2 protein chains.
Amino acid sequence: METEYETRPREAIARILRAEPRFFSAAELCARLDESGTPVSRATVYRTLERLAAKGEAALRLNDRGEATFMSCDNGHHHHAICRSCGRVEDVACGALDSFVDRLRSLHGFQLDEHSLEFHGKCRSCV
Amino acid sequence: METEYETRPREAIARILRAEPRFFSAAELCARLDESGTPVSRATVYRTLERLAAKGEAALRLNDRGEATFMSCDNGHHHHAICRSCGRVEDVACGALDSFVDRLRSLHGFQLDEHSLEFHGKCRSCV
DNA sequence: CGGTTTTTGAGACCGAGTCTCAAATCCCTC
DNA sequence: GAGGGATTTGAGACTCGGTCTCAAAAACCG
């Protein structure tokens with residue numbers, strides 16, 4: 001019981017996510033899937049994304065309109081630097097944060113929970 | 001033309017916001033307003049919050065369910081350290097970030113847009 | 001192929017947020 | 001404090017992202 005099947009919808013979604021290092025909304029994925037000739041229902045898109053996120057194979061983030069977006073993501077713990085211009089996401093190692101975390105604690109008595117940091121700006125190619 | 005009136009709904013909302021340094025959702029404000037005997041319609045709550053945000057007198061943020069939340073905010077540019085436990089918000093001066101911003105640029109070629117940073121963790125009294 | 005389990009899709013449903021427009025409020029003047 | 005023009009409000013319809021349901025379809029296994 002509780003076995004997992006490999007299905008066409010799941011593979012089609014994974015393929016799209018793996019192709020680009022950026023966040024996709026469910027609506028965006030549905031549109032892409034329609035175009036690519038393998039339409040998938042909204043319900044299934046949401047279910048699949050939720051499943052990937054639970055397994056740690058996708059990162060979830062809410063965009064500035066409050067919509068859930070997802071990105072393929074297989075490494076360990078890290079943060080995201082998101083380009084405002086092209087949407088490209090670059091991973092930021094935790095080490096880069098250490099001195100800042102120290103200051104936050106000594107200046108503000110604030111103990112940072114490192115699992116929720118996200119940075120916005122311009123990437124190499126968009127500066 | 002285009003004058004601004006001071007009305008009871010607006011004053012009631014401002015009063016609630018000013019009383020605590022944390023973010024309130026529109027639903028939360030509606031409930032508080034009902035309790036306090038000056039009920040205000042959802043439409044008006046949203047309009048008032050939008051107006052405050054536009055004038056820079058309130059900060060907008062989306063919570064983890066994608067709902068818009070608002071907090072009274074009258075200082076200049078700064079970031080927020082938000083306590084996961086009590087919701088209390090502490091302002092973080094930009095200076096604390098300088099060395100981190102440098103590293104982000106040299107290591108990742110990423111130019112941080114400093115206007116969108118937000119930190120989560122535990123505040124002094126909740127650690 | 002046949003049977004069992006998992007997955008899918010269509011569409012109903014939910015809830016946050018927006019929009020509309022007539023009625024109420026504000027404020028200025030007399 | 002009454003009159004009147006400009007602004008604001010409230011009730012409720014509406015939109016849209018996301019969830020839920022359940023019968024039908026697909027995946028797997030012998």
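Bear in mind that the values here come from a model prediction, so they are computed numbers and not experimental data. Keep in mind that the numbers below use all heavy atoms, side chains included, and drop hydrogens, waters and symmetry copies. Every chain is numbered from 1, with letters handed out A, B, ... down the list of sequences.
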- [ ] May I ask you to list the residues of residues 11-28 of chain B, by number, that have any heavy atom positioned under 4.0 Å from an atom of DNA chain D?
- [x]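 Close to the strand, none.
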TODO: Estimate the overall bend of the helix from C:dC1-D:dG30 to C:dC30-D:dG1 from the end axes over five pairs each, rounded to 10 degrees.
DONE: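 Inter-axis angle at the termini of the helix from C:dC1-D:dG30 to C:dC30-D:dG1: 30°.
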TODO: May I ask you to decide whether B:Arg61 forms a salt bridge with B:Glu67, counting only side-chain N to carboxylate O separations under 4.0 Å?
DONE: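 Judged by the 4.0 Å cut-off on N to carboxylate O distance, B:Arg61 and B:Glu67 do not form a salt bridge.
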TODO: Considering only NZ, NE, NH1 and NH2 on the basic side and carboxylate oxygens on the acidic side, decide whether B:Glu20 and B:Arg32 come within less than 4.0 Å.
DONE: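 Salt bridge flag = yes for B:Arg32 with B:Glu20.
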TODO: Could you work out the complete set of other residues in the hydrophobic cluster of A:Leu52, with links drawn between I, L, V, M, F, W and Y side chains under 4.5 Å apart?
DONE: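 Direct or chained contacts put A:Leu52 with A:Ile13, A:Ile16, A:Leu17, A:Phe24, A:Leu29, A:Leu33, A:Val40, A:Val45, A:Leu49, A:Leu60, A:Phe70.
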TODO: Please go through B:Tyr46's hydrophobic cluster and name the other residues, only I, L, V, M, F, W, Y counting, with side-chain heavy atoms under 4.5 Å joining them.
DONE: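 B:Tyr46 clusters with nothing; isolated.
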Open item on the list: Test of understanding: clusters of I, L, V, M, F, W, Y form through side-chain heavy atoms closer than 4.5 Å, transitively. Do A:Val101 and B:Ile82 belong to the same one?
Closed with: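 Not linked; separate clusters.
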Rounded distance in Å - [atom1] ([X]) to [atom2] ([N]):
X       : N      : atom1 : atom2 : answer
B:Phe70 : C:dA16 : CZ    : P     : 14 Å
A:Arg10 : C:dT6  : CZ    : C1'   : 8 Å
B:Asn63 : C:dG17 : CG    : C1'   : 13 Å
A:Leu60 : D:dT19 : CG    : C1'   : 15 Å
B:Arg65 : D:dG17 : CZ    : C1'   : 14 Å
B:Leu49 : C:dA16 : CG    : P     : 15 Å

Task: Closest approach of B:Pro9 to B:Thr44 (non-hydrogen atoms, all atoms of both residues) - done: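 Heavy atoms of B:Pro9 and B:Thr44 come nearest at CB-CG2, 4.0 Å.
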- [ ] Output the distance between atom CZ (B:Arg65) and atom OG1 (B:Thr69), rounded to the nearest 0.5 Å.
- [x]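 Between B:Arg65 CZ and B:Thr69 OG1, I get 10.5 Å after rounding to 0.5 Å.
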Open item on the list: As an exercise, state the distance from SG of A:Cys123 to CD of A:Glu90, rounded to the nearest 0.5 Å.
Closed with: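 Result: 7.5 Å between the selected atoms.
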Open item on the list: Taking side-chain contact (heavy atoms from CB on, under 4.5 Å) as the definition, give me every residue that meets it alongside B:Glu4, ordered by chain and number, with sequence neighbours left out.
Closed with: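 For B:Glu4 the side-chain contact (heavy atoms from CB on, under 4.5 Å) partners, ignoring immediate neighbours, are B:Arg51, B:Lys55.
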Open item on the list: Walk along nucleotides 18-28 of chain C from 5' to 3' and tag each nucleotide B, S or - by protein heavy-atom contact under 4.0 Å, base first, then sugar-phosphate.
Closed with: BBB-----BS-
Task: Residue-phosphate contact under 4.0 Å: B:Thr44 side-chain N/O, D:dG10 OP1/OP2 - done: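 Answer yes for this pair, as a side-chain N or O of B:Thr44 is under 4.0 Å from OP1 or OP2.
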- [ ] Please report the C-alpha distance between A:Asp113 and B:Arg84 in whole Å, then the side-chain angles of each, then the deciding distance to 0.1 Å, and finally whether the salt bridge (Lys or Arg N to Asp or Glu O under 4.0 Å) criterion is met.
- [x] CA-CA 9 Å; A:Asp113 168 353; B:Arg84 279 202 188 291; 2.5 Å; yes
Task: Whichever of B:Arg51 and A:Leu62 has its nearest DNA chain D nucleotide further upstream toward 5' - done: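 Mapping each residue to its closest nucleotide by heavy atoms, the 5'-most match is B:Arg51.
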Task: Crowding at CZ, B:Arg88 (>12 non-hydrogen neighbours, <6.0 Å) - done: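 It does not: B:Arg88 CZ has 12 such atoms or fewer within range.
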